[in-house]
Every structure is written in C-alpha cells, then in structure tokens.
Amino acid sequence: MSDWGRRVFAWFDAHGRHDLPWQHPRDPYRVWVSEVMLQQTTVAAVIPYFQRFVEQLPDVRALAAAPADTLMALWSGLGYYARARNLHAAAQIIVSEHGGRFPDDMDGLQALPGVGRSTAAAVLAQAFDRPAAILDGNVKRLLARHGGIAGWPGLSAVSRQLWQEAEARLPRERPADYAQALMDLGATICTRRRPACGECPVAADCRARREGRIDDIPGRRPAKPRPLRQHWYLILRNPAGELLLTRRPPSGIWGGLWALPEARDSVQEFAALAQDVRPAGDSIRHEFTHFSLELTPVTGRARPDLVRDGAELNWHTVESAAQLGLPQPIRRLIEIHCA
C-alpha cells in the first residue's frame, strides 16, 4: 500500500464517518439512493430525507413500483428534481431488465439514467467493495489541492488531470472504506473555506499548502451574470377553502411536481382560471444554478366555468397539498398565504 493510502486509512479509522444511515446495511440500493441525494447536497441535509425515503421505499422494486407523486413528495425540498425522475427510471430498468439485481460493473451502472462515472464508482466501491476511483465535488477539491492542480474542475483538461490523480492513488485494499475516507476528508477537513490543514493526514506534502495556494485551488467557475426571471403564481381557493394546484409538465423546471398555476408574461394568462386577479403579497426569490426566479403571488375569484382535469388541475385541501411533491418555493408561498 502507498504512503498516501496508509495515511488516509489511519485517519479514517480514527476520525471518519462510520455510522451514516446508508452504511448499515451498505447494500447497492441504499448506497445508490444516498449518492444521488448527495449530489450538490450536504450529508446533514440528506440524512432525514434518506431515512424517510427508504422507510417508505425500502428496496428497488418498491421504488420502481411507486407512483410518481409519492416519489416527488419524498424528494420535495431536495431540489434538482431531474435526479428523482432519473432514479425512478433507473429503478424500473433494474427491475425489468436485470431482475431487480443491481449491475455490478461500471458499464452496467453507467448505462442507468442519471448515473455518471463517479456515482457508478461510488456504488461499485461501497456496495460491492471493488476498487473504483471516485471524484465527487469534495474529492475533486482534496485531490486538486494535494496535487497542485489549478483551474476550474469543470474544464475538461482539469477534469482529466483529476481523474488521472484519482486512478493513480487508488489502493487495492478496503475499497469501500477508501471511497468513504476520501469523501469524509473533503467534506470535513479539506473544506472550501478555512480547511483544517492542521488535522489533515496528508497535509505534509500538499502542494497547495506548501505553495500558499489553498484559496486559489481548485479554480472557481467562470463568473456569469445570473438572469432574473419574474413569474406570477395564482393562489386560488374555492368556497370550501381548497387550493387549486396544477401538475407541471414532466420535463423542465420542477418537472412532474404539483404547483400553483404559473404565468410567465402577464397575469392575463390566468383569465381561464380566475376573475379579478390582484396582488396577494410580497414576492419571494429562489436561486437556481443558472438563474434567479422571483415568485409574485396573486389571487382572484375562481371562474364559475372553470374546467378541472383531476390528473393535471385539481383542488386540494391545504393539508393534502402539503403531502404532495411541491417545489420548495411553492410550499413557502402556500405556507405564507394559506396558513
């Protein structure tokens, strides 16, 4: 074993995370669900979502058979809803094409919707205990600093260097523990801001530390202006106090979730649903990766000839709405205006 591996394992055995819920048991389904949830989300935020998810959908067959509304309700608040749709589609493929058994090789795993190289490697290492190089965001930062690899990891040339580093350092021993150790080091020691270099087992030969470039490595994504989109959302209630919700199209932002009716250009777009449309309160803002969204609530009187399709447009009590898959900013609007 290399000196790198010995130091990483010694630190992990003493200080690593050994009691995460997806580690007990560490089977392919639980590892896979946790890895998808952890994309762009922290461990602390994921744990309660993961526990609720596997309690209701304990295995891949349960996930494959679950209604989309059930899945989206369990995912609501995690964001990046395409991840949930891919998870659902992949589970159905595992059941229909693999008899409910997870592929146990890189090609088979990467053929599943939403499973990229690093996610496939994490499942292979942690669930099947096979050597596989991982490169999630935390590991990229750790290897970039230790190897002195400058530049934004999203650039293909930088990404290739990082994958080469990851492969070159990969030990043959304890694959599951090694993958978890790198993720733990990146998440808890080699943090983006104020890394704990004094506690790092590989600090002695870290190039970024030696050269005083910790704040510069890895490089940041090139700055781009984030456009602002302004949409209106209709808070429409019937005499029974029920709230009108619409199901979003299956693709795009909040695909497949229930939400308040939306107008993008003018409140006149609500003419088929409501009369006397008027402002209902202050706007709220929600940040997406590539744009900011300003959500302005409006209200009105339901048209007497309003036609509802139970599958795409329907009345819900405020209590039943809370149990649906709702985007987090829509849930906030409902909490503010329908409490």
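What you see is a predicted model, and the numbers here were worked out from it, not measured in a lab. Excluded from the calculations below are hydrogen atoms, water molecules and symmetry mates; all remaining heavy atoms, backbone and side chain alike, are included.
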Report summary line: salt bridge (Lys or Arg N to Asp or Glu O under 4.0 Å) filter on D305, not counting sequence neighbours, yields R303
Looking at every non-hydrogen atom in both residues, tell me the closest pair between [X] and [Y] and how far apart they are.
X: Y81; Y: S76; answer: OH-CA, 3.7 Å
X: L234; Y: G300; answer: CD1-N, 4.4 Å
X: L162; Y: P153; answer: CD1-CB, 3.9 Å
X: P113; Y: A89; answer: CG-CB, 4.1 Å
X: A62; Y: L57; answer: O-CD2, 3.7 Å
X: H337; Y: G281; answer: CE1-CA, 4.0 Å

Give a yes or no on whether [X] and [Y] share a hydrophobic cluster (residues Ile, Leu, Val, Met, Phe, Trp, Tyr; joining criterion: side-chain heavy atoms under 4.5 Å apart).
X: L324; Y: F53; result: yes
X: L182; Y: L124; result: no
X: W32; Y: V46; result: yes
X: I334; Y: L257; result: yes
X: M106; Y: V139; result: no

Query raised in the report: Can V95 and R61 be said to form a side-chain contact (heavy atoms from CB on, under 4.5 Å), step by step?
Result: CA-CA 6 Å; V95 170; R61 291 186 182 276; 3.6 Å; yes
**Report entry** Residue pair V31, F128: steps toward the side-chain contact (heavy atoms from CB on, under 4.5 Å) verdict
**Finding:** CA-CA 10 Å; V31 170; F128 295 102; over 6 Å; no
Report summary line: Which of R285, R229, R332, H286 passes side-chain contact (heavy atoms from CB on, under 4.5 Å) with L295? Answer is H286
**Report entry** Basic-acidic side-chain contact under 4.0 Å: D69, R247
**Finding:** yes
Is it true that a side-chain atom of [X] and a backbone atom of [Y] form a donor plus acceptor pair closer than 3.5 Å?
X: H98; Y: I93; answer: no
X: S34; Y: R30; answer: yes
X: R141; Y: G186; answer: yes
X: H88; Y: M72; answer: no
X: W75; Y: G79; answer: yes
X: E167; Y: Q164; answer: no
X: T119; Y: V115; answer: no
X: R226; Y: S292; answer: no
X: R172; Y: P131; answer: no
X: Q230; Y: T296; answer: no

Would you say that more than 12 heavy atoms from the other residues, nucleotides or ligands in this model lie under 6.0 Å from the [atom1] of [X], or not?
X: E312; atom1: CD; value: yes
X: D276; atom1: CG; value: yes
X: H290; atom1: NE2; value: no
X: E55; atom1: CD; value: no

Quick check: do [X] and [Y] have side-chain heavy atoms less than 4.5 Å from each other?
X: T41; Y: R83; value: yes
X: P261; Y: W232; value: no
X: V33; Y: W22; value: no
X: L143; Y: R169; value: yes
X: P171; Y: F9; value: yes
X: W315; Y: L236; value: yes
X: V318; Y: R237; value: yes
X: Q180; Y: H18; value: no

Measuring from [X]:[atom1] to [Y]:[atom2], what's the distance to the nearest 0.5 Å?
X: E294; Y: Y233; atom1: CD; atom2: OH; answer: 11.0 Å
X: D184; Y: L142; atom1: CG; atom2: CG; answer: 11.0 Å
X: L243; Y: L260; atom1: CG; atom2: CG; answer: 5.5 Å
X: Q110; Y: D105; atom1: CD; atom2: CG; answer: 9.5 Å
X: E173; Y: D129; atom1: CD; atom2: CG; answer: 11.5 Å
X: F270; Y: T299; atom1: CZ; atom2: OG1; answer: 10.5 Å

Report task. Quick one: do V43 and R17 satisfy side-chain contact (heavy atoms from CB on, under 4.5 Å)? Show the steps, please. Result -> CA-CA 11 Å; V43 165; R17 295 181 288 199; 3.7 Å; yes
Requested in this report: Carefully, step by step, assess R7 and D205 under the rule side-chain contact (heavy atoms from CB on, under 4.5 Å).
Outcome: CA-CA 12 Å; R7 287 181 288 165; D205 50 353; 3.0 Å; yes
Query - All ring pair (Phe, Tyr, Trp, His ring centres under 6.0 Å) counterparts of W4, not counting sequence neighbours - result: H146
**Report entry** ring pair (Phe, Tyr, Trp, His ring centres under 6.0 Å) against F291, all qualifying residues, sequence neighbours excluded
**Finding:** F288
